[in-house]
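Heads up, the thing below is written out as structure tokens.
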Number of protein chains: 2
Amino acid sequence: MTTTEQAEPTRREQILATAAELFAARGFHGVSVAELGAACGISGPALYKHFPGKQAMLAEMLVSISEQLLAVGRERVVTADGPAAAVRALVDWHVEFALGHRPLIVVQDRDWESLPEQAREQVRRLQRSYVDLLASQLRALRPELSKPTAHAAAQAAFGLLNSTPRAGHAIDDDELRTLLANMAVAALGATT
Amino acid sequence: MTTTEQAEPTRREQILATAAELFAARGFHGVSVAELGAACGISGPALYKHFPGKQAMLAEMLVSISEQLLAVGRERVVTADGPAAAVRALVDWHVEFALGHRPLIVVQDRDWESLPEQAREQVRRLQRSYVDLLASQLRALRPELSKPTAHAAAQAAFGLLNSTPRAGHAIDDDELRTLLANMAVAALGATT
DNA sequence: CTCGGTGGTGAACGCGCATTAACCTGACGC
DNA sequence: GCGTCAGGTTAATGCGCGTTCACCACCGAG
């Protein structure tokens, strides 16, 4: 909440967006700096005027989405009316985000190992907190669950939610959205 | 079913096993041929006495597990007593395999894009058939489901099942097995 | 004993690619 | 009009890595 800049997509953002799509399609190592530049209308080393390096782009996009996921997730939890509603809200938020940012989702769980050490740790922490957010609501709902079990269940639910951006979509987005959300909450309900 | 060789792990297999673990840990591009050799006790180019190249190793392991997954899956379906039992059997089989071969699972859905074109197609076909296996049983169970919907649901279920090999296991394997299986069938049951 | 093949070795090669260097251009404050 | 600075360009650099080469040692068959 510092300067609150408005929605003219700056050059950096445009680069990050096309990078996300390329990385999602062919993998971080599968796309060269030259290709990425070309896809942005400029070519090759010009990217270094905007980013210190290729890894830095990956880092910036992954850190930022992890932060966003966690921040909004937290907000939805405090806004929610009880643990059951919170679980539902988290699932809805995640599926909304995942369908709206498919490339980022696939990059996030395919290429996070290509991050520079420092950023990798940061993303790991954020992701872990995010999963714990769901796990703790789950445990509030079913106190008999052990912490590791709840964590595993939450992780599995996100696995379900994240699986679909990868697929070619022969199915309507709205239908897919509700399908995934329903499946996820049902799965979470089956954690006896 | 030709010569039916017995269980002395041949050198090729040992290499493939350690390769699977390394690939799973650091990604296909993240492990060099030299490292892989070193991990096998031999070093570097010696691998070329067993495989025509690095990609060939990946290809061999991915094709073989895809085939195994599909073959056993088919068998379990025909053996099963009705669609509901078939769904359950498929889920059980997959979770059993996934927990028994975690590295292969993570490699399979992280690194399949690094396959040589031909093998990539083959794996894609096998995987698609495998998903369709579950999808069709699901449709037999709930005829109101459209084909794309059933397919998406099946894929989501596998996403759930495949998500956990990635996790550090602070939870017992048996408990995890039943947890995942229950979550998966519950999710598949929520496909209204 | 010798000979061929299997599985190993370390050195060399070549390429792709991220990164850097050197240089250019146009917009703008002064 | 003129430095300067942001944003490009192409050419060079250097390195990591997959792959190939030339050579070696053991070993079982003849």
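Everything quoted here is computed from the prediction, not taken from an experiment. Within every chain, numbering begins at 1; the chains are lettered A, B, ... in the order of the sequence lines, protein sequences first and strands thereafter.
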Notebook entry, point to check: Any side-chain donor-acceptor pair under 3.5 Å between A:Gln155 and B:Thr164?
Noted result: no
Check: How close or far is atom P of D:dT9 from atom NE2 of A:His50, stated in whole angstroms?
Finding: 10 Å
Next item on the list: Send over the distance from B:Phe51 CZ to D:dT20 P, rounded to a whole Å.
Entry: 16 Å
Note to self: Can you confirm whether A:Arg88 sits close enough to A:Arg76 that some side-chain heavy atom of one is under 4.5 Å from a side-chain heavy atom of the other?
What the structure shows: no
Checklist line | Check: B:Arg124/B:Gln127 side-chain N/O donor and acceptor closer than 3.5 Å | finding: no
Check: Can you tell me how far P of D:dT20 sits from OH of B:Tyr48, to the nearest Å?
Finding: 7 Å
Margin query: At 4.0 Å (heavy atoms only), tell me whether A:Lys49 reaches a base, stays on the sugar-phosphate, or touches nothing.
Written below: base
Next item on the list: State, without any angle test, whether A:Gln55 and A:Ser114 hold a side-chain donor-acceptor pair at a distance under 3.5 Å.
Entry: no
Check: Can you check the A:Gln55 CD to D:dG16 P distance for me, whole Å?
Finding: 14 Å
Item checked: Near-ring test A:Phe28/B:His29, centroid separation under 6.0 angstrom -> no
Margin query: Counting C-beta onward and ignoring hydrogens, is there a side-chain heavy-atom pair between B:Glu13 and B:Thr10 closer than 4.5 Å?
Written below: yes
Notebook entry, point to check: Which part of the nucleic acid, if any, lies within contact of B:Gly53, taking any heavy atom under 4.0 Å across all strands shown: a base, the sugar-phosphate backbone alone, or nothing?
Noted result: sugar-phosphate
Note to self: Need two values: the first and the last nucleotide of DNA chain C, 5' to 3', having an atom under 4.0 Å from any heavy-atom of chain B.
What the structure shows: C:dG7 to C:dA11
